[in-house]
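A quick write-up on the structure given underneath.
Letters go in sequence order (proteins before strands), and every chain restarts at 1. Basis for what follows: all heavy atoms, side chains included, without hydrogens, waters or symmetry-related copies.
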Amino acid sequence: MKMKKWLNTALAVTLAVGLSACGGGTGENEAATASADPAMKEDTTPVTIQYWHAHAEAQLEGLNRMIDEFSQKYPHITVEPVFQGAYPDLHKKLQAAVAAGDVPAVTNVEVASLPNFADSGVFADLTPYIERDGVDTADFSKGMLDAYSYNGKQYGFPLIVSTSVFVYNKTMLDELGVQPPQTWDEIDAFNEKVTVKNGDKTERYAFSIPGWDTWYYDPWIINGGGQILNDDLSASAVQTPESLRYIENFKRWMDEGSMHMGFGKGASDNMRQMFMGGEIAMVEHTSAMLKMYQENADFEVGVSFLPGDQKRTSNIGGAGIVMMEGTEGAEQEAAWKFIEFMTSADQNIEWAESVGYLPTRKSAIESDKGDAYFERWPQYKAVYEHFDEVTPRLQHPAYPEFSAVYKEVIGEMILNQQDPVPLMKDAESKINDILADYE
Amino acid sequence: MTVRSSEKTTEAVPGRASASTSNRTSYSTIEKWKDFAFALPALGFLGVFLFYPMIYSVYISFTNWNMTRPVKKFVGVDNYTRLISNADFYQSLKVTLIYTVMDVVLTLAIGLLLAMLLNVNSSRLFGLIRGVIFMPYYISMVIAAMVFTWIYNGQYGLLNRIITLFGMDPVEWLINPETVLPALVTVSIWKGVGFAMILFIAGIRSIPNEYYEAAAMDGASRFHTFRNITLPLLSPMTLFLVITTFISSMQVFQSIDVMTNGGPLKSTNAIVYWIYTMAFAEFKTGRASALVMILFVIIMLLTLLQWFVGRKKVHYEG
């Protein structure tokens, strides 16, 4: 009996200690720094900051070069880069770090997850620093910059930006004498010329759209004149006639056997293999994969911007660089300097080329370096001709959850040959439930 | 506290007899304290890393916390009611139970069959075969799942290579909602069947030979010997394997994470994987904690059920 009592006390103590420790940790995050101290700018007391990132092996050389140059410019600041895995892993670790009250000064964040983190007050608003140092934000591509602002606050800058494009087998299309479609109206004629069928079986698809990630067809919803949520983001809009136009077309093209859609794990590999093997003439994929296609294809690779209809846009992908709330003033100052350096116009072209993502700065693109870059990578011109049509994704903290609902409809269409139109009507109530649940 | 109270007794009732009682009490109290002191490091560790998180997640399951929000708003049983009224919950439960039943039944059945076939003491070859069958048990699940992802691949996978040799059409094993769950179960069976086999062999070898001799004298057939001697006397081992396999397959996660991500179309969205996506992809820590509690209760009830049902059927020798 007495033993039990002691056990209880011991447990209660551990509980109390744990609770208070946790409470203290989260409490700190609430104290937000409202203004950027000008005196801090010239301070050269040595400071070390951590940069949590998701830069894979291929990007590390570029990253290390940037950090070297940064430490030459600011010898008092030491940046410790910490690779935290792909975006989902990085995000999990960020969550845990915030819960523990021990956060890095600077981190990457995947663009669609920014609203959720920003909503919880995890990221610092960069506006005071931008104003203090007079950063010319108009030099950034507007869409790319906007993707990292939320509720009127600029939480970060675009760092590794991609967008979905059509990558096509230029050798094949040249032989056939066809151009990639620029509008939806041109797609049927394109399909007719490119598709090769043997009875019911398609031997060569005209094009493929990935079904495994909503990022690839969100722009199709928008281009068809529809939207995912209504204007004030309070209810689903995926079931409206305008929003259904793209999927009706998808269904028709798939039934005709001219369009291929992959779904599920491994579908990305399959699509790549089929494209390389000439079974698909054109694939929608992220611009970050262009380097891979270029290096591995035994034909000439071309890039075309997504075809438009009511609108013509493609969404931003990749990650930004943001400052965490909850570190000391000196660390925040160093963090800001690092963010500014990593996204500066001077470094923009080299950085983009080393990691295989898109430049973000207008002045960089228009510079001599920019001209040389487009000479080496003529395919990217297709993207920059539509620089202002690369737009942010729909920003909503519950996006990861409700996007899964209409993604499932696409899956039903691809895997079970279901008619997507009635299923989208069912999706409406599910999405509205999720929105109602979200506070 | 206990020490002080025993001192009080000494003061209140003086005299030799009582003093010796008191000595005995304080001696045993010290002994108890000593026991407790020895247990303290382990208890402290368990307290911090097991009991505290357990109790804390009960608390979180009643809040809308998302891990990053500074305030944990109390929402009562809202998380529980929303889960129970969600069709995905029943889908997830169904997937988990189908997976578990297939996994438990097949692992044990094949394990027992292999045990019967390979329980040959004198042969080195059979020892080698047993070793090979047991091998997958100590391969990490993540590695096994990656290997099987390649085997199941629709375009260049080994399995499709083999079946096309026999004139069958290739199958997208991990993308077709019909084949994906059996494909996952296969990995688990492949990994677990060696362990079941070894335990069954140990069980069979512990059955005294006299029973078999007596049965042989009575002219019992091999089937009858198996049915009436081997099977009943293996029942403690069987119960052990049922419960351990049941618990681990109810918590299937790694293979799903590597091979299917819960898809396609939620056809492999088992409960633990769903908990994980809810907490770390949808940032609903509170809701996910509530689901953890529900899973805990389900596993506990089903385990107790197995135990009670099993107790009547299990024959402990001697």
Checklist entry - CD of Glu408(A) to CG of Asp88(B): how many Å apart, nearest 0.5 Å? => result 7.0 Å

Checklist entry - Quick check: are there more than 12 heavy atoms from other residues, nucleotides or ligands sitting under 6.0 Å from OH of Tyr90(B)? => result yes

Checklist entry - Do the non-hydrogen side-chain atoms of Tyr276(B) and Lys92(A) ever get within less than 4.5 Å of each other? => result yes

Next on the checklist: Measuring from atom CG of Asn153(B) to atom CG of Asp269(A), what distance do you get when rounded to the nearest 0.5 angstrom?
Outcome noted: 7.0 Å

Checklist entry - Are any of the side-chain heavy atoms of Asn66(B) and Gln95(A) separated by less than 4.5 Å? => result no

Checklist entry - Is Phe280(B) close to Pro88(A) at the side-chain level, that is, under 4.5 Å between some pair of heavy atoms? => result no

Checklist entry - Measuring heavy-atom distances to chain A, does Ile175(B) have an atom under 4.5 Å in its side chain, in its backbone, in both, or in neither? => result both

Item to check | Contacting region of Ala279(B) [heavy-atom separation from chain A under 4.5 Å] | outcome: backbone

Next on the checklist: Are more than 12 heavy atoms, taken from residues, nucleotides or ligands other than Lys191(B), located less than 6.0 Å from that residue's NZ atom?
Outcome noted: yes

Item to check | Part of Tyr156(B) lying under 4.5 Å from any heavy atom of chain A | outcome: side chain

Next on the checklist: Please classify the contact between Tyr399(A) and chain B as side chain, backbone, both or neither, with a heavy-atom cut-off of under 4.5 Å.
Outcome noted: neither

Checklist entry - Does atom CZ of Phe296(B) have more than 12 heavy-atom neighbours from other groups under 6.0 Å away? => result no

Checklist entry - Does a sphere of radius 6.0 Å around CD in Glu203(A) hold more than 12 heavy atoms from other residues, nucleotides or ligands, not counting ones at 6.0 Å or beyond? => result yes

Checklist entry - What part of Met259(B) is in contact with chain A, defined as an atom under 4.5 angstrom from a non-hydrogen atom: side chain, backbone, both or neither? => result backbone

Next on the checklist: Heavy-atom count check: over 12 atoms from other residues, nucleotides or ligands less than 6.0 Å from Met300(B) CE?
Outcome noted: yes

Item to check | Residues Lys284(B) and Asp437(A) bridged, charged N to O under 4.0 Å | outcome: yes

Checklist outcome for this item: Taking every heavy atom of Pro400(A) against every heavy atom of Ala281(B), the minimum-distance pair comes out as CB-O, 3.7 Å

Next on the checklist: Is it true that, when you exclude Asp426(A) itself, more than 12 heavy atoms of the residues, nucleotides or ligands shown sit nearer than 6.0 Å to its CG?
Outcome noted: yes

Checklist entry - To the nearest 0.5 Å, what is the distance between CZ (Phe283(B)) and CD (Glu401(A))? => result 11.0 Å

Item to check | Pick from Asn416(A), Leu415(A), Val122(A) with the largest number of heavy-atom pairs that fall under 4.5 Å of chain B | outcome: Leu415(A)

